[in-house]
Amino acid sequence: MIKFLDLHKINKRFRGEIDAHFKTILDSGWYLQGAQNEAFSQNFATFCGTKYALGVANGLDAINLIIKGYGFGAGDEIIVPANTFIATILAVSENGCTPVLVEPDINTYCLNPDLIEEKITPKTKAIMVVHLYGQATPMEKIWALAKKYNLKIIEDAAQEHGALYQGHKVGNLGDAAAFSFYPGKNLGALGDAGGVTTNDTALYEKVKALANYGSDRKYHHIYKGVNSRMDELQAAVLDVKLPHLDADNERRREIAGYYRDNIKNPNIILPQTYDEQSHVWHVFVIRTPRREELQKYLEDNGIQTNIHYPTPPHKQGAYREWEKLSFPVSEKIHQEVLSLPISPVLSADEVKKVVEVINEWK
Ligand SMILES: *Cc1c(COP(=O)(O)O)cnc(C)c1O
């Protein structure tokens with residue numbers, strides 16, 4: 001069986017270094033807010049080219065904390081793609097803001113920049129871009145709109161560690177960015193972890209306090225904060241893996257290139273990219289109207305796949321109030337997408353087999 005994602009194989013490459021760090025941390029008796037978080041946040045900020053990075057408990061919290069940090073709440077609207085993992089939208093509604101859904105572009109699967117302006121009202125506070133599947137959202141028009149209407153740009157970069165958009169790292173394309181280091185992401189911990197990057201000093205200070213009980217110094221609480229910190233153990237794992245992220249992303253690009261050059265089946269739509277460096281292929285998503293049939297065929301031929309995602313947020317039980325809304329592009333994407341195996345540890349033989357099996361599908 002070719003696994004969709006072999007996390008054991010991915011992390012086994014770093015076993016020696018991770019073991020050594022775990023021993024040091026265990027012996028140090030210091031498990032939160034210590035040297036490992038300090039080192040990783042500095043290295044991750046340098047990697048993203050931002051002034052600041054902060055480790056938090058997970059990606060959902062990272063988005064949540066940015067929205068709280070800007071003080072957005074009831075009565076405020078935030079523009080989000082209709083096509084995203086539900087966490088993006090949950091973070092907006094959690095803060096009492098209204099998520100204003102905008103259709104994606106059928107070619108990039110990211111927010112369609114041409115459909116944003118008509119959704120901007122006097123209540124709009126921010127545009128949340130989601131660099132879905134590992135591809136950067138085309139930003140020019142979004143930058144211009146943010147300027148014109150004085151809006152914040154928040155990046156949900158949970159699927160995009162290390163991509164370059166016009167020479168700028170993702171995480172540094174807006175006012176603040178949220179990362180997830182969930183185990184399956186391109187940079188993944190051994191459990192939950194997340195991060196916030198920004199160049200905004202005031203936002204950074206506030207988010208840092210909010211994530212630690214709203215405290216700017218011990219037992220001094222200036223905000224109604226939460227507890228959302230990254231464990232020292234996770235920070236150490238991420239710091240071991242970070243120097244290898246670019247090479248891992250490059251291997252993903254090679255595999256994606258091989259798939260795109262060699263999958264030749266008229267029943268399948270391949271993903272497009274407008275710029276190689278702007279895509280880190282978190283997932284390799286193909287489309288076919290006969291998605292369930294293809295998934296079963298691949299499973300029967302020893303290839304595990306996944307669906308990102310089967311149901312759009314506006315059709316989820318959590319958002320019953322949106323039941324009647326219609327986003328045909330997003331709905332079509334959710335009905336047709338299938339993610340093929342892709343990861344830095346997938347072997348050349350495995351990649352070749354995936355192509356052969358797909359090309360034989362009638
Ligand atoms: C994974 C993911 C998140 C949430 O991250 P967690 O660390 O699982 O909380 C948010 N947005 C997107 C687009 C994601 O893929």
Side-chain angles (χ1 to χ4, degrees), residues 1-10 81-88 103-110 130-135 158-159 180 182-186 188 251-273 279-318 327-362:
M1 172 68 77
I2 300 176
K3 282 193 180 174
F4 175 69
L5 185 62
D6 190 338
L7 287 178
H8 172 251
K9 208 168 169 186
I10 286 181
N83 176 44
T84 180
F85 178 56
I86 198 153
T88 321
E103 283 272 51
D105 179 322
I106 190 76
N107 296 313
T108 65
Y109 304 124
C110 293
V130 182
H131 306 304
L132 202 69
Y133 303 154
Q135 168 141 269
Q159 305 190 355
S180 165
Y182 172 83
K185 308 284 164 143
N186 289 29
R251 175 70 188 133
R252 286 173 184 272
R253 284 192 187 106
E254 270 170 32
I255 296 169
Y258 187 87
Y259 280 158
R260 289 167 70 216
D261 289 344
N262 294 286
I263 294 177
K264 292 193 163 65
N265 187 322
N267 302 310
I268 284 170
I269 299 165
L270 290 167
Q272 300 179 21
T273 169
H279 210 320
V280 292
W281 302 100
H282 171 57
V283 282
F284 188 92
V285 176
I286 60 173
R287 266 174 44 223
T288 169
R290 289 156 58 208
R291 187 253 313 274
E292 269 68 30
E293 212 183 299
L294 177 59
Q295 184 170 40
K296 176 157 193 320
Y297 164 82
L298 291 173
E299 181 82 30
D300 292 346
N301 284 279
I303 298 165
Q304 221 177 39
T305 58
N306 224 322
I307 297 172
H308 298 94
Y309 300 89
T311 310
H314 69 282
K315 297 286 181 199
Q316 296 283 1
F327 295 98
V329 180
S330 184
E331 283 158 31
K332 183 180 171 65
I333 291 169
H334 283 83
Q335 274 158 19
E336 297 187 348
V337 287
L338 186 68
S339 306
L340 301 182
I342 192 164
S343 91
V345 297
L346 206 62
S347 74
D349 284 347
E350 289 174 317
V351 179
K352 203 162 153 246
K353 173 158 182 221
V354 171
V355 170
E356 282 164 9
V357 171
I358 289 194
N359 284 349
E360 278 162 25
W361 186 56
K362 299 274 184 318

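For clarity, every value in this text was computed on a predicted model and none was experimentally measured. Note: hydrogens, waters and symmetry copies are ignored here, and every other heavy atom, side chains too, is used.
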Is the shortest heavy-atom distance from the side chain of I307 to the side chain of L338 under 4.5 Å? yes
Report the residues that fulfil salt bridge (charged side-chain N to carboxylate O under 4.0 Å, His left out) with K353, sequence neighbours left out, ordered by chain and then residue number. none
Close side-chain approach of R291 to V337, heavy-atom, < 4.5 Å: yes
Is there a side-chain contact between R252 and P344, using heavy atoms and a 4.5 Å cut-off? yes
Strictly by salt bridge (Lys or Arg N to Asp or Glu O under 4.0 Å), give each pair with a member in residues 336-345 just once, sequence neighbours left out. R287-E336, K332-E336
So, does N83 use its side chain to make a donor-acceptor pair with the main chain of Y109 at under 3.5 Å? yes
In L5, L7, I10, the residue satisfying side chain to side chain contact (heavy atoms under 4.5 Å, CB included) with P183 is L7
Who pairs with Y182 by ring-ring contact (aromatic ring centres under 6.0 Å, His included), at least two apart in sequence or on another chain? none
Distance-only, no hydrogens or angles: does the E103 side chain make a donor-acceptor pair with backbone N or O of S330 under 3.5 Å? yes
CD1 of I303 to CD1 of I2: how many Å apart, nearest 0.5 Å? 5.0 Å
With side-chain hydrogen bond (donor to acceptor under 3.5 Å, both in side chains) as the rule and sequence neighbours excluded, what pairs involving residues 301-314 come up? Q159-Y309, Q295-T305, H308-S339, H314-E331
Who passes side-chain hydrogen bond (donor to acceptor under 3.5 Å, both in side chains) against D349, sequence neighbours left out? none
Would a 4.5 Å heavy-atom cut-off, applied to side chains only, mark I263 and L340 as touching? yes
Would you say I286 and I269 make side-chain contact, with heavy atoms under 4.5 Å? no
Under the salt bridge (charged side-chain N to carboxylate O under 4.0 Å, His left out) rule, collect the residues that match up with E254, sequence neighbours excluded. R251
Sorted by chain and number, sequence neighbours left out, salt bridge (charged side-chain N to carboxylate O under 4.0 Å, His left out) with E293 holds for R290
Between Q135 and H282, does a side-chain contact (heavy atoms from CB on, under 4.5 Å) hold up when you go through it step by step? CA-CA 8 Å; Q135 168 141 269; H282 171 57; over 6 Å; no
Partner set under ring-ring contact (aromatic ring centres under 6.0 Å, His included) for F284, not counting sequence neighbours: Y259, W281
Sorted by chain and number, sequence neighbours left out, side-chain hydrogen bond (donor to acceptor under 3.5 Å, both in side chains) with E292 holds for none
Taking salt bridge (charged side-chain N to carboxylate O under 4.0 Å, His left out) as the definition, give me every residue that meets it alongside D261, ordered by chain and number, with sequence neighbours left out. none
Mind checking what makes side-chain hydrogen bond (donor to acceptor under 3.5 Å, both in side chains) contact with H279, not counting sequence neighbours? none
Name all residues meeting the side-chain hydrogen bond (donor to acceptor under 3.5 Å, both in side chains) criterion together with N262; count only those two or more places apart in sequence or in a different chain, and write none if there are none. none
Compare all side-chain heavy atoms of L132 with those of P81 and state whether any distance is below 4.5 angstrom. no
Using side-chain contact (heavy atoms from CB on, under 4.5 Å), reason through E360 and Y297 one step at a time and then give a plain yes or no. CA-CA 10 Å; E360 278 162 25; Y297 164 82; 3.6 Å; yes
Least distance between heavy atoms, P104 atom then I333 atom: CG-CD1, 3.7 Å
Quick check: do H334 and F327 have side-chain heavy atoms less than 4.5 Å from each other? no
Any non-hydrogen side-chain atom of S343 less than 4.5 Å from a side-chain atom of D6? no
Does NZ in K9 sit with more than 12 non-hydrogen atoms of other residues, nucleotides or ligands closer than 6.0 Å? yes
Before you tell me yes or no, could you show the steps for L294 and N267 under side-chain contact (heavy atoms from CB on, under 4.5 Å), namely the whole-Å CA-CA distance, both residues' side-chain angles and the distance that decides it to 0.1 Å? CA-CA 10 Å; L294 177 59; N267 302 310; over 6 Å; no
